[in-house]
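Notes follow once the structure below has been shown.
In what follows, chains carry the letters A, B, and so on, assigned in the order in which the sequence lines appear, proteins first and then strands, with residues in each chain numbered from 1. Since we're looking at a predicted model, the values are computed, not measured.
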There are 2 protein chains.
Amino acid sequence: MNRWEPNARGRLEAAALDLYVERGFAQTTVAEIAKQAGLTERTYFRHFADKREVLFGGSEELAQLIAATIADQPESAAPIDAAAAAVEAMGDRLQPRRERAVRRQGVIAANPELQERELTKLASMATTIADALRERGTPSPTAGLAAETAIGVFKVAFERWTTAGTSSDLAQLIRDSFTDLKALLAEVSP
Amino acid sequence: MNRWEPNARGRLEAAALDLYVERGFAQTTVAEIAKQAGLTERTYFRHFADKREVLFGGSEELAQLIAATIADQPESAAPIDAAAAAVEAMGDRLQPRRERAVRRQGVIAANPELQERELTKLASMATTIADALRERGTPSPTAGLAAETAIGVFKVAFERWTTAGTSSDLAQLIRDSFTDLKALLAEVSP
């Protein structure tokens, strides 16, 4: 058997999403995903630890993108601007995959196990942002606050993006949400 | 057997936390928790669905507190102030249990399964806040944004609280974090 399968990851991701949408997450087995992708279960487990992970394939690349984007910000950039740049870069990266994102959200919304995994991934992105800010010299509580805020904004913008029309732009929705939040916070009683 | 056990929930919670701290979460069984509390496994499962849930016993009360606090805010209160009032009320409720919270955080930090459950509970609190704000007439994306922000602030303040000295006040740390965030957001480039 040829151990190198062209684009095995991508084929498994596409097959899994198709089956999860058609039959439901709980009703689909790894064997069926592998079969639909024309691959073996063994190949599946070389790429993904479990049935959930196949829906979170890009997480490591996004974490690298976050870290690189924050490291690339000018020294003069405010922590919140650096954190915003990171989630906007995520927005740009996800934009071409909107259709997939919408289908994927439907599967995740229907499954508590998948929601847990999604929250874990988002929390780990917040940690990546906070670490990258600290690396730039942002003090610890500020870094955490900027990171949590950026991920909160991302979540809200992402939901708007997947439920809005096909022409909506995720990075723009992220910028809009930061502007909204700034206005909202200006109302905090002293 | 007397089916009514005085303060069975509290005894199970205390016994579980003691054992999780002493032996580790993975090494402790429900049978051992029940035994240490002087109760049966059956009683355990009447109160908690699984081994994790015993660490999240107060979640429903906190959700009720959130909803009631937001409903009680004057009509004139800004959405962010109503959301802040809800997480400050959580702070006041948790304050007398700081020692327990510190031990509990140690157990959760050491266990990915427990971290997932913790994130799920926090996400559900954000949903409770957003729903309560919408109930008051706050439009949907604003409600989501205020809720995510309040929970983000709560997370950062909670971490400060459990790592800071014993005299630290959670509600005050929450207020401080909102003030910090307001200053942080004021730096967002237009």
Given a strict heavy-atom distance threshold of 4.5 Å, which part of Thr142(B) is in contact with chain A: side chain, backbone, both, or neither?
both
Which one wins on heavy-atom pair count under 4.5 Å against chain A: Leu122(B), Leu145(B), Val156(B)?
Leu145(B)
May I ask you to name which of Glu148(B), Arg160(B), Glu159(B) has the most heavy-atom pairs under 4.5 Å with chain A?
Glu148(B)
Would you mind checking which part of Ala186(B) comes under 4.5 Å of any heavy atom in chain A, side chain (CB onward), backbone (N, CA, C, O), both or neither?
backbone
Quick check on Glu41(A): does its CD atom have over 12 non-hydrogen neighbours (other residues, nucleotides or ligands) under 6.0 Å away?
yes
Side chain, backbone, both or neither: which part of Asp81(B) has an atom under 4.5 Å from a heavy atom of chain A?
side chain
Can you confirm whether more than 12 heavy atoms, excluding those of Lys121(B), are under 6.0 Å from its NZ atom?
yes
Does Leu65(B) share a hydrophobic cluster with Phe158(B), counting links as ILVMFWY side-chain heavy atoms below 4.5 Å and allowing steps through other members?
yes
Who wins among Val153(A), Asp180(A), Ile151(A), Ile80(A) for the most heavy-atom pairs under 4.5 Å with chain B?
Ile80(A)
Is Glu135(A) atom CD crowded by more than 12 heavy atoms from other residues, nucleotides or ligands, each under 6.0 Å away?
no
Which atoms of Glu116(B) are under 4.5 Å from chain A, going by heavy atoms: the side chain, the backbone, both sets, or neither?
both
Please round to the nearest 0.5 Å and tell me the distance separating atom CG of Leu181(A) and atom CG of Leu181(B).
6.5 Å
Heavy-atom count around Glu60(A) CD within 6.0 Å, excluding the residue itself: above 12?
no
What do you reckon, is NZ of Lys35(A) surrounded by more than 12 foreign heavy atoms closer than 6.0 Å?
no
Which residue pairs pass the side-chain hydrogen bond (donor to acceptor under 3.5 Å, both in side chains) test with at least one member in residues 98-112 of chain A, sequence neighbours excluded?
Asp18(A)-Arg103(A), Arg104(A)-Glu118(A)
Go through Gly144(B), Ala84(B), Ser177(B), Ala147(B) and name the one with the most non-hydrogen pairs under 4.5 angstrom from chain A.
Ser177(B)
Is chain A contacted by the side chain of Thr149(B), its backbone, both, or neither, given a heavy-atom distance below 4.5 Å?
side chain
Other residues, nucleotides and ligands only: do more than 12 of their heavy atoms fall within 6.0 Å of CZ on Arg136(B)?
yes
Minimum-distance pair of heavy atoms, taken over all atoms of Ala123(A) and Leu119(B):
CB-CD1, 3.7 Å
